[in-house]
Amino acid sequence: MHAPALAVAPPPADPSVAALLAARPHLSMHAHDGLMLEGVALNAIADALGTPVWAYGAGTLRRRLAALQGALAGLAGVHYAVKANDHLAVLRVLAAGGAGADVVSGGELARALRAGIAPSRIVFSGVGKTTEEIRAALAAGIAQINVESAAELDMISALAAELGRTVLVALRVNPDVDAGTHAKITTGLAENKFGIPYDEAAALYARAAALPFLRPVGLALHIGSQIVTLAPYRAAFARAATLVRDLRAAGLVVSRLDCGGGLGIGYRDEPGASPDAFAGALRAAFGAMDVELMVEPGRWLVGPAGVLLASVLLTKADGRIAVLDAAMTELVRPAMYEAWHAVVPLSPVRATEPVAPVDLVGPVCETADTFARARMLPPLRAGDRVALLDAGAYGAVMSSTYNARPLAPIALIDGARWATVRPRQAIEELWRQESVPDFLD
Ligand SMILES: *Cc1c(COP(=O)(O)O)cnc(C)c1O
């Protein structure tokens, strides 16, 4: 007898609804009211605001921030990366919990200030800042600007001289480390556009120290996003520590290290990054260095705190395709990063029925507008509602109005209460700033 041909391993089974909820303590299935976020029935929000609609849990935001701060106590301060979710209410919750902000544009700077975050708690990162954005940062008197190139250093120096004000800067160094994450969210490889090449950083630091209106205070790193193992952090931290020693040996002052964000979460059934393990890596690399440490997590703080609710518009191909009323215009991550998002029916009955593979797609005229392929789910019928989980980070912030789809509303849950914190955009808003010139009449 011949040995059987090598079988192709079947794809790993999708986690059951029960397993998904067990790993997410903020979510539960109520026997009558269905899926709940922090004890509030998501059906109530969908009834009131329609679908698609976002729901965020303030308690989850607070709990995650406190867990991270607990692990980093006495070690590092948390500057929330605003770009993951820049809603004013989200910023307010995190700021009230003691987080500062990491912003990457003048718009995010304005949002952080508007949400009441003190300028002294704001750090400005970003690979291409305009003179207007740098002026705004200097006018606000923020804590630090993370400089990403020699050209930007000269720009900031000139603007600081104009204002006659000393500006604290950190140099964002590209450590040339592979974060082992999706190529579109890897930022710490030499080939990426981010940061100052490692080998040029020391000379640039010395040049900055010699400029009259700049005070280099340290280094910044950010190697990528959705990182779930420690090895890339350890490698990047080791390179940063070496650079700090070299700079100090050259007589330069290094008092701050901004260690970036990137902490990953469990989207499926993989474990997310552990704050304690991350803290251990920070302590091992920098614990004896006498530097002020900060970290800039975005996704880890807000990702699990948000869900996107959608309704099934119709099914086709004998139920093998379900068309939702949510689309890539709301949640682009599956289309852009091949991201896997858990999908859970809101109905307690549906959630327990036998599963079969179904493609979940949106109505936008793009094949990429697909949330999940061959997902093992209970049979879905028109009108059924589902929640796309872990959508609080890089969800609503990446929305577009493509196909003239108005922005979806947002609800914020806090305790037993919830509030609409953004209404559904009115259709007329889509063209409110457009005009048709007279010469077309
Ligand atoms: C995007 C970004 C972050 C946050 O990344 P997460 O993966 O969401 O933690 C932190 N720092 C900088 C400079 C960034 O660009």
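Counting begins at 1 with the first residue of the sequence. All heavy atoms count here, side chains included; hydrogens, waters and symmetry mates do not. Order of appearance sets the numbers: ligands from 1, and atoms from 1 within every ligand.
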Peer 1: Considering only distance and modelled atom types, tabulate donor-acceptor pairs under 3.5 Å from the side chains of residues 91-99, sequence neighbours left out.
Peer 2:
from: Arg92; atom 1: NE; to: Ala115; atom 2: O; distance (Å): 2.9

Peer 1: If you count the atoms of ligand 1 from 1 in the order shown, which ones are under 4.0 Å from a heavy atom of Asp102?
Peer 2: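 Within the 4.0 Å cut-off of Asp102, ligand 1 contributes 11 (N), 12 (C), 13 (C).
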
Peer 1: Which atoms of ligand 1 sit under 4.0 Å from any heavy atom of Ser125?
Peer 2: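 Within the 4.0 Å cut-off of Ser125, ligand 1 contributes 13 (C).
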
Peer 1: Which bit of Glu296 is near ligand 1, meaning a heavy atom under 4.0 Å away: side chain, backbone, both or neither?
Peer 2: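 Near ligand 1, Glu296 shows its backbone as well as its side chain.
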
Peer 1: I want to know if ligand 1 touches Trp300 in the polar sense, i.e. an N/O pair below 3.5 angstrom.
Peer 2: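 In fact, backbone or side chain, Trp300 has no N or O that close.
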
Peer 1: Could you check whether any side-chain N or O of Asn146 sits under 3.5 Å from a backbone N or O of Ala220, counting only pairs where one atom can act as donor and the other as acceptor?
Peer 2: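 Not at all, since once roles are kept as given, no pair shorter than 3.5 Å links the two residues.
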
Peer 1: Salt-bridged, Glu152 to Lys129, with N to O below 4.0 Å?
Peer 2: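 A salt bridge is present here (some side-chain N lies under 4.0 Å from a carboxylate O).
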
Peer 1: Among all the protein's non-hydrogen atoms, which is closest to atom 5 (O) of ligand 1, and how far away is it?
Peer 2: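 Answer, as residue, atom name and distance: His222 CE1, 3.4 Å.
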
Peer 1: Between Asp325 (side chain only) and Ser311 (backbone N and O only), is there a donor and an acceptor less than 3.5 Å apart?
Peer 2: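 Side chain of Asp325 to backbone of Ser311, a donor-acceptor pair under 3.5 Å: yes, one is there.
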
Peer 1: Distance to 0.1 Å, residue and atom name: give those for the protein heavy atom nearest to atom 8 (O) of ligand 1.
Peer 2: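 Here the nearest protein heavy atom works out to Tyr394 OH, 2.5 Å.
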
Peer 1: Below 4.0 angstrom from a heavy atom of Ser225, which ligand 1 atoms are there? Numbered from 1 as shown, please.
Peer 2: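 Counting atoms of ligand 1 from 1, those under 4.0 Å from Ser225 are 6 (P), 7 (O), 8 (O).
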
Peer 1: Is any NZ, NE, NH1 or NH2 atom of the basic residue among Arg239 and Asp176 found under 4.0 Å from an Asp or Glu carboxylate oxygen of the other?
Peer 2: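 Between Asp176 and Arg239 there is no salt bridge, as every charged N stays at least 4.0 Å from the carboxylate O atoms.
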
Peer 1: I need the atoms of ligand 1 closer than 4.0 Å to a non-hydrogen atom of Pro297, numbered in the order shown.
Peer 2: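 Listed by number with element: 9 (O).
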
Peer 1: Does Arg215, at its CZ atom, have more than 12 non-hydrogen atoms belonging to other residues, nucleotides or ligands within less than 6.0 Å?
Peer 2: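 Result for CZ/Arg215: open.
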
Peer 1: Can you name the atoms of ligand 1, numbered from 1 with element, that are less than 4.0 Å from a heavy atom of Ala81?
Peer 2: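 Within the 4.0 Å cut-off of Ala81, ligand 1 contributes 3 (C), 4 (C), 10 (C).
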
Peer 1: Are the charged groups of Arg432 and Glu429 less than 4.0 angstrom apart, N to O?
Peer 2: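 Looking at Glu429 together with Arg432, the answer is yes, because their closest N to O distance falls below 4.0 Å.
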
Peer 1: Kindly write out the residues that satisfy side chain to side chain donor-acceptor pair (under 3.5 Å) with Asp154, not counting sequence neighbours, or none if the list is empty.
Peer 2: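 Only Arg207 meet the side chain to side chain donor-acceptor pair (under 3.5 Å) criterion with Asp154.
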
Peer 1: Check contact between Phe194 and ligand 1, using heavy atoms of the residue and a distance below 4.0 angstrom.
Peer 2: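 No, that is not the case, since the closest heavy atom of the residue is not under 4.0 Å from the ligand.
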
Peer 1: Near Arg172, which atoms of ligand 1 are under 4.0 Å from a heavy atom of that residue?
Peer 2: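 Once the distances to Arg172 are compared, the set is 13 (C).
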
Peer 1: Give a yes or no on whether Arg114 atom CZ has more than 12 heavy-atom contacts from other residues, nucleotides or ligands under 6.0 Å away.
Peer 2: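 At most 12 heavy atoms, drawn from other residues, nucleotides or ligands, come within 6.0 Å of this atom.
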
Peer 1: Which of the atoms of ligand 1 are close to Arg299, meaning less than 4.0 Å from one of its heavy atoms?
Peer 2: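 So the answer, numbered in order with elements, is 6 (P), 8 (O), 9 (O).
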
Peer 1: Looking only at distances, can you tell me whether any N or O atom of Gly298, backbone or side chain, sits closer than 3.5 Å to an N or O atom of ligand 1?
Peer 2: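 Between Gly298 and ligand 1, an N or O pair is found under 3.5 Å apart.
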
Peer 1: For atom 15 (O) of ligand 1, what is the nearest protein heavy atom, given as residue, atom name and distance?
Peer 2: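 Heavy-atom neighbour on the protein nearest atom 15 (O) of ligand 1: Lys83 NZ, 2.7 Å.
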
Peer 1: So, is Gly262 polar-close to ligand 1, with some N/O to N/O distance under 3.5 Å?
Peer 2: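 There is such a contact, yes.
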
Peer 1: Got a donor-acceptor contact below 3.5 angstrom from the Glu133 side chain to the Thr130 backbone?
Peer 2: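 Between the backbone of Thr130 and the side chain of Glu133 there is a qualifying donor-acceptor contact (under 3.5 Å).
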
Peer 1: Does Ala393 have a heavy atom less than 4.0 Å from any atom of ligand 1?
Peer 2: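 Per 4.0 Å heavy-atom rule, Ala393 does not contact ligand 1.
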
Peer 1: Go through ligand 1 atom by atom and flag the ones less than 4.0 Å from a non-hydrogen atom of Gly261.
Peer 2: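 Numbered from 1, ligand 1 contributes 9 (O), 10 (C).
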
Peer 1: State, with a plain yes or no, whether a side-chain heavy atom of Val90 is found less than 4.5 Å away from one of Tyr80.
Peer 2: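 Answer yes - side chains close enough.
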
